[in-house]
Amino acid sequence: MSSKRFSVSSSSICTGENLSEMSNNASVPTSASNTPIAIDDDESPLETNSDPSLLPITSRHTSAVWSDFKRKRVGDVIKAECNHCSKLLAGGSKAGTTHLKDHIKICPKRVCQDLRQTRMFGTKKNLNDKNDTMTLAPYEFHQEDGRRDLAEMIILHEYPISMVEHIGFRKYSKTLQPGFKVPSRNTTRKDIMKRYELEKENVATLLRKAKGKIALTTDMWTADNQRKGYMAVTSHFIDNTWKLQSRIIRFLYVPAPHTAEVLADALKESIQSWNLDLRLSSITVDNCSTNDAMMEILKGVFPYGSLLLRGDFFHMRCCAHILNLIVQDGLSAVVSNGVQRIRDSVVFWTASDKRVQRFEQVAKQITPECSRKLALDCKTRWNSTYEMLSIATSYKEVFVVLSARNNLYKNPPTPEDWEKVEKICEHLEVFSKTTLSFSGTNYPTANLYFPKICALRIAISGWLLSPHDYVRKMADIMLQKYNKYWASVNGLMGVATILDPRYKMALIRFYFAKIFDEHDFEIEVRRISDLLRRLVDEYGSKMGKTQGSSNQQDFDLGSSSKSNEETFMQEFAEFLQQDKDSNCGEFKDDEYAKLVGELEEGFETCDIDSGTSGLCTE
């Protein structure tokens, strides 16, 4: 039996035949911890503890889970005690380890130590924090999350669904996560449609909860590769937290021909599919005869009683598109040939990499302070034309030098072209800034439009006094186009300005005094104030209240805070100071606050399901 016994110490495991050699080695110190422990050969303990209730973890306990548990005898039962939370679980030989693994996954006090089962997560304490705080946390793979993110990736980047069957993509996915089973093409298509239905329901819920009216914008889009026409319909509304929301509700194929009747049917079907018939405030479209006819058709489809002032503001014209028409008419009248020569020059020097390199080499020598690259415009977007011209003018010396060095570069811009374009770009900067403001998605609200439109009108009128005849000609043509659409500044924009507590009626009077003569000034001011009364009275009648504003007078000038964004705000502040005492016969502040309070109270208590809703202008 002695030959079958083993001695275990902290330094070695040896057989009894070697004990004599160890005893002859007098230099080896001995201690209580080095005392051999005699055990049976079928259970070799891996650890010991002074607690008599603890049982050793033996070679039979091969599962990795035992690194998080102790074996412990509790009465006549063997338990497994969690090293982190001290919870006791079944630990007998017949209990297995599945329940122990399940506990480790949810143990509230366990800190993951195995780096192979963790992942670095980046978090930010606040939105302005540029640096991520990296934390190490347990990682658990879920097939469903991978399929969801795969579908979202295909949607966001317009990848072909067939990519999931590409050998390279499957190999790449396997390398990133061996446990991820790449779905088939049909399964991925189902996942995409599932995501679509989910997002559609989220938008429907958001629209149902919104208490105000819904404004729509729509436009046609043509696919380059298919030459097919598609209609996009976007909803705009203010949610219950007073945040401006925009959601695309339809993107549908519209078969040719795109007549007014075809477009009207497609848009009507889109509106009715979302049950927005009784909640529309306005529909904004581009300016063309087909859209005008389409809106006339739709105006007779929806109930007059549900529209603002029986549909007076149902058809809204796109401000950004009007700006584009105004500038395009002005440019084509005075510098169309010069713009085309500059456009041809940009096309020539961006046609190949070799030409681009040649242009940049010369530019670094002549205009080292300029670093912007040449940009070709889109003829239907005037702001892209403005960008092309403003960049090209900074390189005009480069174009002159290259025209003498390259025989293939023909018909460069003339000195007269450069002179006109430089001067016109100086004047059009105000249009560029306004276009960028109008093209935003989150911040533009109706109260911001009025001062910008009025400022454009004043600027164009000032250009009529320019010493350059081509500037005066451009201003005259632009003013004609401006008056065609904005001679009577849109009423709803004026109303939104009045409801802005910074401006009230004061900003209306300030700008109209600069635009109109004394007779027209009073007429236009009265038109805006009367429109506000009509809206308030209509709103009150729908809410079952009588506003009683018919005998009331105009709004008080009130107070206004300065805004650095508008050119005339400083002058407006001076206007307020001068006009405040002489402005008699207008609403007092308490009457103004009463009207606004009734509007806000009605908005909070209106019942969408019953067909009433608050005032929400785009």
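Nothing here was measured: the structure is a model prediction, and the numbers come from that model.
Closest approach of H103 and C85 over heavy atoms only: NE2-SG, 3.3 Å. In terms of heavy atoms, M231 sits closest to L263 at CE-O, 3.7 Å. Taking each heavy atom of K364 and P368 in turn, the nearest pair found is O-CB, 3.4 Å. Considering every non-hydrogen atom in both I192 and A151, the closest pair reads CG1-CB, 3.9 Å. In terms of heavy atoms, M220 sits closest to G229 at CE-C, 4.0 Å. Of all the heavy atoms in Y449 and C319, the pair that sits closest is CD2-SG, 3.6 Å.
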- Message: Working note: R208 + T205, criterion side chain to side chain donor-acceptor pair (under 3.5 Å); need CA distance, chi angles, decisive distance, verdict.
- Response: CA-CA 5 Å; R208 284 196 300 269; T205 301; 3.1 Å; yes
- Step by step, would you call E81 with K87 a salt bridge (charged side-chain N to carboxylate O under 4.0 Å, His left out)? CA-CA 6 Å; E81 182 182 53; K87 184 175 182 178; over 6 Å; no
- Might you work through the side chain to side chain donor-acceptor pair (under 3.5 Å) test for W382 and T435, ending with a clear yes or no? CA-CA 9 Å; W382 91 266; T435 300; 3.2 Å; yes
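Residue-environment remark: CD1 (I155) exceeds the threshold of 12 foreign heavy atoms within 6.0 Å. Within 6.0 Å of atom CD1 in I167, 12 or fewer heavy atoms from other residues, nucleotides or ligands are found, so the atom counts as exposed in its surroundings. Annotation: Y172, atom OH; neighbour count of heavy atoms from other residues, nucleotides and ligands within 6.0 Å does not exceed 12.
Considering CG of L298 and CE of M294, their distance stands at 6.0 Å, rounded to 0.5 Å. One distance of note links CZ of R317 with CE of M295; it measures 10.0 Å at 0.5 Å rounding. A distance of 7.5 Å separates OG1 of T188 from CZ of R147, quoted to the nearest 0.5 Å. Of the inter-residue distances, the one linking L54 atom CG with K72 atom NZ reads 6.0 Å to the nearest 0.5 angstrom. Distance OG/S235 to CG/L207: 5.0 Å, rounded to 0.5 Å. Summarising the geometry, atom CD1 belonging to I57 is positioned 9.5 Å from atom OG belonging to S67; distances are rounded to the nearest 0.5 Å.
Taking the salt bridge (charged side-chain N to carboxylate O under 4.0 Å, His left out) definition, one finds that K79 meets it with nothing, sequence neighbours left out. Applying the salt bridge (charged side-chain N to carboxylate O under 4.0 Å, His left out) test to K373 and every residue at least two apart in sequence or in another chain returns E360. Partners of T175 under the side chain to side chain donor-acceptor pair (under 3.5 Å) rule, at least two apart in sequence or in another chain, do not exist in this structure. Under the salt bridge (charged side-chain N to carboxylate O under 4.0 Å, His left out) criterion, E369 pairs with no residue at all, not counting sequence neighbours. Under the salt bridge (charged side-chain N to carboxylate O under 4.0 Å, His left out) criterion, D277 pairs with no residue at all, not counting sequence neighbours. Listed by chain and number, the residues in a side chain to side chain donor-acceptor pair (under 3.5 Å) with R185 are E165 (sequence neighbours excluded).
Using a 4.5 Å heavy-atom threshold, the side chains of V164 and I154 count as touching. No side-chain heavy atom of R247 sits under 4.5 Å from any side-chain heavy atom of T234.
Note on R250 versus E269: salt bridge recorded, some NZ/NE/NH1/NH2 to OD/OE distance being below 4.0 Å.
Ring pair F359/Y395 is perpendicular by interplanar angle, where above 60° counts as perpendicular and below 30° as parallel. Aromatic ring pairs are classed by plane angle as parallel below 30°, tilted from 30° to 60° and perpendicular above 60°; the pair F141 and F180 is perpendicular.
The six-membered or imidazole ring of Y386 lies away from that of F431, with a centre-to-centre distance of 6.0 Å or more.
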